[in-house]
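In what follows, a single structure is set out as structure tokens and then discussed.
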Amino acid sequence: MEATTPASSSGLVRDLKFLRFDKPEPPPEPEPEFEPTTSGRFKWYSRRFLSVLDSVGDKIADFLGLNDSKYQWVIDEYVKIKEEEEEQKRLEDQSTAASMKSLEEGSPDDNSPTQDAPASADLRGED
């Protein structure tokens, strides 16, 4: 019989060799936002200053309405007229449907003469 090798055999050590228990490497230091030279600081501050000015300029333009379309009032008026036309068409369709329904039911129309209406001779005063 053969003797079994202990768990610390060379095969197990070889398989676990990729595991390292050394100190973990420290994370890389973040790069500074500007170069430590005077010209680098000037570039960084000037970029920051311009971005703030751009942001403030956008807010002022929005407040004054300078970003709106030159002919926005024409577009708004067109939309308003279209909505009014659609509403008028919807009301006409409803009234047409109601009159068609009354005709189908056989009820007399307001403009049609009824049996109780006087004859034309009675209107002239002839007996």
In Å and rounded to the nearest 0.5 Å, what is the [atom1] to [atom2] distance from [X] to [Y]?
| X | Y | atom1 | atom2 | answer |
| --- | --- | --- | --- | --- |
| E104 | M100 | CD | CE | 6.0 Å |
| K59 | D54 | NZ | CG | 11.0 Å |
| S95 | R90 | OG | CZ | 11.0 Å |
| L91 | E86 | CG | CD | 12.0 Å |
| E85 | E83 | CD | CD | 11.0 Å |

Mind checking whether [X] and [Y] sit in one hydrophobic cluster, side chains of I, L, V, M, F, W, Y counted as touching below 4.5 Å?
| X | Y | value |
| --- | --- | --- |
| Y71 | I75 | no |
| V79 | W73 | no |
| Y78 | V74 | no |

Counting only N and O atoms by type, is there a donor-acceptor contact under 3.5 Å from the side chain of T96 to the main-chain atoms of E92? yes

What residues, two or more places apart in sequence or in another chain, satisfy side-chain hydrogen bond (donor to acceptor under 3.5 Å, both in side chains) together with D62?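 For D62, the residues satisfying side-chain hydrogen bond (donor to acceptor under 3.5 Å, both in side chains) (neighbours in sequence not counted) are N67.
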
